[in-house]
Amino acid sequence: MLAAAATSLLPRGLFAQTGGGGASLGSGDVAVLNYAYALEQLEAAFYTRVTSSFYAGANATERSYLSDIHQHEVAHRSFLKGALGGSALPDLELDFSSVNFRDRQSVLTTASLLEDTGVAAYNGAGPMLRDPQNLMSAGRIVSVEARHAATLRDLLHPRSTAFAGDDQVDAFGLGSIMKPSAVLKTAGTFIRTPIDFSGLPKA
């Protein structure tokens with residue numbers, strides 16, 4: 001069962017995995033969109049922190065890239081919140097205490113982790129969606145997230161193959177997939193609000 005598996009992967013206990021605990025994702029496509037919305041809240045808040053006071057030594061190119069990514073993530077958050085309407089999750093309480101926002105390596109490594117996770121999460125959630133319009137919207141978002149992921153990898157490892165490394169792209173040229181339990185293991189280090197994922201469909 002997804003709920004039990006996810007709980008075992010989250011030692012900090014940030015997520016309520018059974019019915020009646022925490023903010024509910026809902027069920028069906030609403031649950032999948034709220035799952036994406038939670039991740040977009042996380043990303044948008046992270047880049048808001050990054051761009052409010054750039055790390056020491058950030059050059060013009062880095063500032064431009066990170067500002068563009070910030071705008072995209074804020075737009076994704078707003079789009080999903082609007083699509084969900086009254087079914088949207090509340091604003092989540094986030095914890096970025098593990099990130100040194102004054103340090104380039106810490107910021108870019110965290111950004112890369114979030115983007116890689118986001119891409120794999122959307123890929124993994126796609127089969128859960130039933131409405132073709134929702135699937136199309138998710139596909140349009142993940143294509144942008146993949147651009148972010150490649151850009152950040154190139155900033156960390158310039159002029160290398162890391163932008164589409166074999167840890168993210170398989171031998172068939174297909175992007176990685178993460179199940180919700182694995183995604184929650186990563187996101188759980190940053191999200192403090194208890195969330196009930198029990199209504200999330202199985203792929």
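Although no hydrogens or angles enter the test, the distance criterion places no donor-acceptor pair under 3.5 Å between the side chain of S64 and the main chain of A60. Using a distance-only test at 3.5 Å, with no hydrogens or angles considered, a donor-acceptor pair links the side chain of T189 to the main chain of T186. Put simply, the side chain of E115 never gets that close to the backbone of R153: no donor and acceptor are under 3.5 Å apart.
Heavy atoms only, all atoms of each residue included: S24 and N34 are closest at O-ND2, 4.4 Å. Among all heavy-atom pairs drawn from V30 and L84, the shortest one is O-CD2, 3.8 Å. Taking every heavy atom of both residues into account, A31 and G26 meet most closely at CB-O, 3.5 Å. Heavy atoms only, all atoms of each residue included: A121 and L39 are closest at CB-CD1, 3.7 Å. The minimum heavy-atom distance linking S112 with L156 is given by the pair CB-CD1, 3.8 Å. Residues L200 and P180 approach most closely at CD2-CG, 3.6 Å, considering heavy atoms.
Between atom OG of residue S97 and atom CZ of residue F190 there is a gap of 9.0 Å, rounded to the nearest 0.5 Å. If you take CZ on R49 and OG1 on T110, they are separated by 11.0 Å, rounding to the nearest 0.5 Å. Here the straight-line distance linking atom OH of Y37 with atom CG of L25 works out to 12.0 Å at 0.5 Å rounding. D116 CG to D167 CG: the interatomic distance, rounded to the nearest 0.5 Å, is 7.0 Å.
Ring geometry for F101 versus F96: interplanar angle over 60°, hence perpendicular rather than tilted (30 to 60°). Using the six-membered ring where Trp is involved, H148 and H72 have ring planes that are parallel, under 30° apart on the 30 and 60° scheme.
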Legend entry - Step-by-step side-chain contact (heavy atoms from CB on, under 4.5 Å) determination, E62 to R104: CA-CA 10 Å; E62 291 170 349; R104 180 183 189 271; 2.8 Å; yes

Inset, instruction - Would you please test E43 and R77 for side-chain contact (heavy atoms from CB on, under 4.5 Å) and show each step? - result: CA-CA 9 Å; E43 290 179 321; R77 180 182 63 187; over 6 Å; no

Inset, instruction - Begin from the C-alpha positions of R192 and L94 and carry the test side-chain contact (heavy atoms from CB on, under 4.5 Å) through to its verdict. - result: CA-CA 6 Å; R192 299 213 62 84; L94 304 172; over 6 Å; no

Inset, instruction - Test E73 against E145 for side-chain contact (heavy atoms from CB on, under 4.5 Å), laying out the working first. - result: CA-CA 9 Å; E73 301 298 4; E145 298 286 347; 2.8 Å; yes

Legend entry - Audit row: D154, R159, salt bridge (Lys or Arg N to Asp or Glu O under 4.0 Å) steps and yes/no: CA-CA 7 Å; D154 194 55; R159 295 177 296 280; over 6 Å; no

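Looking only at side-chain heavy atoms (C-beta outward), N123 and M178 stay at 4.5 Å or farther from each other. Between L92 and L42 the shortest side-chain heavy-atom distance does not fall below 4.5 Å. H76 has its side chain within reach of V144: a pair of non-hydrogen atoms, C-beta onward, lies under 4.5 Å apart. At a threshold of 4.5 Å between non-hydrogen side-chain atoms, the residues F54 and S67 count as touching. Taking the side chain as every heavy atom from C-beta outward, L66 and L152 approach each other to under 4.5 Å. Residues T48 and H70 meet the side-chain proximity criterion, which asks for heavy atoms closer than 4.5 Å. Contact check for K81 versus E40: no side-chain heavy atoms found under the 4.5 Å cut-off.
The existence of a salt bridge linking R63 and D68 is excluded, since no basic side-chain nitrogen approaches an acidic carboxylate oxygen closer than 4.0 Å. For the pair R130 and D29, the salt-bridge criterion is not met [side-chain N within less than 4.0 Å of a carboxylate O].
Dense packing is recorded around CZ of F46, with more than 12 heavy atoms of other residues, nucleotides or ligands lying under 6.0 Å away. Around CG of D166, the count of heavy atoms belonging to other residues, nucleotides or ligands within 6.0 Å does not exceed 12.
Annotation: cation-pi pair R102/Y55 absent, no NZ/CZ under 6.0 Å from the ring centroid and within 45° of its normal.
Partners of Q105 by side chain to side chain donor-acceptor pair (under 3.5 Å), not counting sequence neighbours, listed by chain and number: T109.
In the hydrophobic clustering of this structure, M128 does not group with I177; members are Ile, Leu, Val, Met, Phe, Trp, Tyr whose side-chain heavy atoms approach within less than 4.5 Å, directly or through other members. With hydrophobic clusters built from ILVMFWY side chains whose heavy atoms lie under 4.5 angstrom apart, L80 does not share a cluster with V74. Taking hydrophobic clusters as Ile, Leu, Val, Met, Phe, Trp and Tyr residues chained together by side-chain heavy-atom distances below 4.5 Å, L108 does not share a cluster with F163.
Q168 and S176 are linked by a side-chain donor-acceptor pair at a separation below 3.5 angstrom, with hydrogens and angles left out of the test.
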